[in-house]
Amino acid sequence: MNPTQLSAPEDLSDWLAAGDRAAELSAESVAVDAQWWSEALAEFDLPNPLLGNEIGRRDLFGLGSVAADSPDDAIALLWNVIAFCLGRRNSHGRKRIAAVAADRKRIGRLLQEAALAAREDPGAAFAMLRPDKAGNVIERLGPAGFTWYLYFAGAGDPEHPSPVLETKVARSLRRAGWKGLRDSTWTAADYVVYSKLVDRWRIELGVDRNDVVVNGLFAITPPTG
């Protein structure tokens with residue numbers, strides 16, 4: 001079956017009906033290791049834009065609203081998004097920081113352009129950070145990480161077309177019938193199809209936000225093994 005024609009899973013609909021999912025999403029915040037970030041960024045002579053010891057989605061939407069304004073604003077969003085995703089874990093954090101520090105001007109401009117593109121053209125935004133057959137632009141930051149950046153660059157727009165795509169979401173999509181979707185190393189074309197699917201399911205399921213659909217796909221992920 002063409003993945004664009006897939007029906008929304010029944011358990012996704014059940015999950016959406018079981019609570020105020022938009023309110024839960026809006027209230028989400030994560031404790032982070034701000035001291036580690038301060039020391040690691042200073043090690044590479046980079047400014048520290050981290051918001052503090054706790055970062056919430058609403059905070060990141062605020063940073064996302066200006067991420068397309070300048071390279072520095074784009075990099076500030078990136079560090080806070082990575083911290084939000086990692087919490088108090090810092091796996092591969094220094095390698096990501098080193099990769100940006102080594103080519104800060106170019107990567108800052110690229111992130112700025114990707115933030116702008118994410119608001120209208122998810123495929124183009126994705127391809128900027130992972131060109132097909134060329135690998136990830138930022139070391140140790142693949143689609144499961146940088147789609148969080150593209151998502152928050154939407155500044156909380158409920159119909160933002162660049163949703164988060166991670167392995168758990170991919171498993172839910174495969175169970176729903178998208179058999180050829182991999183666990184990782186997705187393409188820009190995959191991302192465009194996924195974006196359209198999430199947007200259609202939002203409309204069909206009668207919810208207000210694309211990211212609520214994505215959270216549901218996380219929640220109903222089938223176990224491995």
Side-chain angles (χ1 to χ4, degrees), residues 3-4 6-32 51 54-65 67 77-78 80-89 115 118-119 122 125-126 129 141-178 181-184 186 190-224:
T4 61
L6 292 177
S7 298
E10 288 187 12
D11 50 352
L12 174 59
S13 181
D14 293 341
W15 181 86
L16 291 167
D20 187 344
R21 303 308 189 182
E24 293 170 7
L25 180 144
S26 179
E28 185 180 4
S29 63
V30 175
V32 305
L51 294 173
E54 187 169 335
I55 300 174
R57 283 195 189 236
R58 284 177 288 190
D59 300 321
L60 292 171
F61 289 148
L63 292 179
S65 69
L77 175 62
L78 178 69
N80 280 278
V81 167
I82 292 174
F84 176 86
C85 292
L86 293 179
R88 297 193 62 82
R89 299 175 295 108
R119 298 169 186 174
F126 187 103
L129 299 176
L141 188 67
F146 72 65
T147 57
W148 279 95
Y149 173 84
L150 299 180
Y151 159 64
F152 281 115
D157 177 1
E159 298 180 18
H160 183 54
S162 296
V164 173
L165 178 56
E166 284 197 11
T167 296
K168 287 185 176 181
V169 173
R171 291 209 305 267
S172 291
L173 293 169
R174 279 202 305 277
R175 189 186 62 168
W178 191 346
L181 189 66
R182 299 178 181 180
D183 274 349
S184 60
W186 306 288
D190 292 331
Y191 193 58
V192 170
V193 172
Y194 169 59
S195 170
K196 293 178 179 177
L197 189 61
V198 167
D199 194 58
R200 178 167 64 81
W201 284 355
R202 170 184 59 81
I203 295 168
E204 292 178 355
L205 294 168
V207 296
D208 294 331
R209 304 184 57 88
N210 283 340
D211 49 11
V212 169
V213 174
V214 174
N215 264 21
L217 292 170
F218 272 104
I220 66 170
T221 302
T224 58

Expected output: side-chain S13 to main-chain P9 donor-acceptor under 3.5 Å: no

Side-chain donor or acceptor of R88 paired with backbone N/O of V32 under 3.5 Å: yes

Set of residues satisfying side chain to side chain contact (heavy atoms under 4.5 Å, CB included) with respect to P161, sequence neighbours excluded: P122, S195

V193 side chain near W186 side chain, heavy-atom distance below 4.5 Å: no

Shortest non-hydrogen contact from L165 toward T147: N-OG1, 3.0 Å

Validation row: Y151, V81 side chains within 4.5 angstrom (heavy atoms): no

Closest contact, heavy atoms only, L12 versus L205: CD2-CD1, 3.8 Å

Closest approach of I55 to F84 (non-hydrogen atoms, all atoms of both residues): O-CD1, 3.4 Å

Donor-acceptor contact below 3.5 Å, side chain Y194 vs main chain V164: yes

D59 (side chain) donor-acceptor with G56 (main chain) under 3.5 angstrom: yes

Side chain proximity check, D183 to R174, heavy atoms < 4.5 angstrom: yes

Student check: side-chain heavy atoms of L60 and L63 closer than 4.5 Å: yes

Polar side-chain atom of R209 near backbone of G156 as donor-acceptor pair, under 3.5 Å: yes

Straight-line distance of W15 CH2 to R21 CZ, nearest 0.5 Å: 4.5 Å

Flag, side chain of D190 to backbone of L181, donor-acceptor distance under 3.5 Å: no

From Y149 atom OH to S162 atom OG, the distance as rounded to the nearest 0.5 Å: 11.0 Å

CZ on R57 to CG on N215, rounded to 0.5 Å: 5.0 Å

Minimal non-hydrogen separation, S172 against P222, with atom names: OG-CD, 3.9 Å

Main-chain N/O of G62 paired to S65 side chain as donor or acceptor, under 3.5 Å: yes

Spatial distance of atom CG (L25) from atom CZ (R58) [nearest 0.5 Å]: 10.0 Å

Any donor-acceptor N/O pair, Y191 side chain to P163 backbone, under 3.5 Å: yes

Intermediate values then yes/no, side-chain contact (heavy atoms from CB on, under 4.5 Å), V192 and F126: CA-CA 9 Å; V192 170; F126 187 103; over 6 Å; no

For R175, side chain to side chain donor-acceptor pair (under 3.5 Å) partners two or more places apart: D11

Let me have the donor-acceptor pairs involving side chains of residues 197-204, under 3.5 Å, with sequence neighbours excluded, atom names and distances please.
residue: D199; atom: OD1; partner: R202; partner atom: NE; Å: 3.4
residue: D199; atom: OD1; partner: R202; partner atom: NH2; Å: 2.7
residue: D199; atom: OD1; partner: N210; partner atom: ND2; Å: 3.3
residue: R200; atom: NE; partner: T4; partner atom: O; Å: 3.3
residue: R200; atom: NH1; partner: L6; partner atom: O; Å: 3.3
residue: R200; atom: NH1; partner: E204; partner atom: OE1; Å: 3.2
residue: R200; atom: NH1; partner: E204; partner atom: OE2; Å: 2.8
residue: R200; atom: NH2; partner: T4; partner atom: O; Å: 2.7
residue: R200; atom: NH2; partner: L6; partner atom: O; Å: 2.5
residue: W201; atom: NE1; partner: L6; partner atom: O; Å: 3.1
residue: R202; atom: NE; partner: N210; partner atom: OD1; Å: 2.8

H160 side-chain N/O to F152 backbone N/O, donor-acceptor pair under 3.5 Å: no

